[in-house]
Amino acid sequence: MEQDKRYSQMTSHELHQEIAALKEKARKAEQLGIVNEFAVLERKITMAKAYMLNPEDYKPGEVYEIEGDPGVHFKITYMNGVFAWGHRINGEMVNKEEEGLPISMLMK
């Protein structure tokens, strides 16, 4: 499905279709060794998945593991749509920089 709607305007079914199409494009890009395109498509998949989740399930003060970053956790300061804003925690080290992550990257 060619993206003519924002993810926030898509139904769950449309999001599933979009993710399937993006995964196929990403697979082809990976096979062809087009690293940049693969990375962009992976980020689009992450964003589309975020819109399939309920932001109310993610609470400020809670700590989550970050998908694809083993051993690194994320403590939510506040929520803004499908983005959790807060700080990465690596062992005892808390990253001073605040950042926003799509909720699809956070694992309980």
Side-chain angles (χ1 to χ4, degrees):
M1 174 192 319
E2 198 53 44
Q3 175 130 7
D4 46 356
K5 276 187 181 179
R6 292 173 177 254
Y7 292 149
S8 60
Q9 297 169 322
M10 291 184 180
T11 65
S12 177
H13 178 72
E14 289 172 323
L15 285 166
H16 279 288
Q17 287 180 315
E18 178 72 8
I19 290 167
L22 289 169
K23 281 183 177 178
E24 181 60 25
K25 287 181 186 176
R27 187 184 63 75
K28 287 178 183 169
E30 187 176 35
Q31 285 176 340
L32 295 171
I34 307 170
V35 180
N36 293 354
E37 184 176 343
F38 177 76
V40 168
L41 292 165
E42 286 285 298
R43 282 195 291 276
K44 284 184 175 186
I45 291 166
T46 299
M47 283 305 304
K49 285 180 177 178
Y51 282 97
M52 296 175 69
L53 300 170
N54 182 358
E56 291 178 17
D57 293 340
Y58 298 82
K59 305 285 184 223
E62 289 185 1
V63 177
Y64 297 84
E65 196 171 332
I66 300 174
E67 185 179 315
D69 205 349
V72 179
H73 293 80
F74 189 81
K75 184 172 184 179
I76 298 175
T77 306
Y78 67 96
M79 296 293 301
N80 186 355
V82 297
F83 278 85
W85 287 84
H87 303 272
R88 287 180 192 248
I89 304 168
N90 192 350
E92 298 297 310
M93 295 284 298
V94 176
N95 189 339
K96 299 267 186 279
E97 272 189 57
E98 183 178 65
E99 67 178 305
L101 295 178
I103 57 177
S104 55
M105 291 182 68
L106 304 179
M107 304 182 309
K108 293 193 179 188

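- With respect to R88, the salt bridge (charged side-chain N to carboxylate O under 4.0 Å, His left out) criterion is satisfied by exactly one of E99, E97, E65: E99.
- Between M105 atom CE and M47 atom CE the span is 11.0 Å, to the nearest 0.5 Å.
- Contact check for I103 versus M79: side-chain heavy atoms found under the 4.5 Å cut-off.
- At most 12 heavy atoms of other shown residues, nucleotides or ligands fall within 6.0 angstrom of atom CD in E56.
- When all heavy atoms of L15 and A48 are compared, the pair lying nearest together is CD2-O, 3.9 Å.
- Once rounded to the nearest 0.5 Å, the distance linking CD1 of I19 with NZ of K44 reads 13.0 Å.
- Atom NZ of K25 is separated from atom CD1 of I45 by 10.5 Å, given to the nearest 0.5 angstrom.
- Closest heavy-atom contact between A84 and L106: CB-CD1, 3.7 Å.
- Cluster annotation: I89 is not connected to F83 through the hydrophobic network of ILVMFWY side chains, with a link wherever side-chain heavy atoms come within less than 4.5 Å.
- L41 and I34 end up in different hydrophobic clusters when Ile, Leu, Val, Met, Phe, Trp and Tyr side chains are linked at under 4.5 Å.
- Under a cut-off of 6.0 angstrom, the local environment of NZ in K96 is sparse, with at most 12 non-hydrogen atoms contributed by other residues, nucleotides or ligands.
- Hydrophobic clustering (ILVMFWY, side-chain heavy atoms < 4.5 Å, transitive): W85 and I66 are in one cluster.
- The shortest non-hydrogen separation linking G71 to N90 is O-OD1, 4.1 Å.
- When side chains are defined from C-beta on, I76 does not count as touching K59, because their heavy atoms never get closer than 4.5 Å.
- Looking at S104 and T46, their side chains come closer than 4.5 Å, going by heavy atoms from C-beta outward.
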Side chain to side chain contact (heavy atoms under 4.5 Å, CB included) evaluation trace for M107 with E67: CA-CA 6 Å; M107 304 182 309; E67 185 179 315; 4.0 Å; yes
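- Residues A50 and P102 share a closest heavy-atom pair of CB-CB, 4.0 Å.
- By the neighbour-count criterion of 12 heavy atoms within 6.0 Å, atom CG of D57 is densely surrounded, having more than that number from other residues, nucleotides or ligands.
- Between the CZ atom of F74 and the OH atom of Y64 there is a distance of 10.5 Å, given to the nearest 0.5 Å.
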K75 vs E62, side chain to side chain contact (heavy atoms under 4.5 Å, CB included): CA-CA, chis, key distance, verdict: CA-CA 6 Å; K75 184 172 184 179; E62 289 185 1; over 6 Å; no
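- A salt bridge is absent between E30 and R27: the closest approach of a Lys/Arg side-chain nitrogen to an acidic carboxylate oxygen does not fall below 4.0 angstrom.
- At a threshold of 4.5 Å between non-hydrogen side-chain atoms, the residues E14 and Y51 do not count as touching.
- Within the cation-pi definition used here (under 6.0 Å to the ring centroid, within 45° of the axis), K49 does not qualify as a partner of Y7.
- Note that CZ of R43 and CG of L22 are 12.5 Å apart. Values are rounded to the nearest 0.5 Å.
- Under the 4.5 Å side-chain heavy-atom criterion for Ile, Leu, Val, Met, Phe, Trp and Tyr, V63 and Y78 are members of distinct hydrophobic clusters.
- For the atom pair K23 NZ and E18 CD, the distance stands at 12.5 Å (nearest 0.5 Å).
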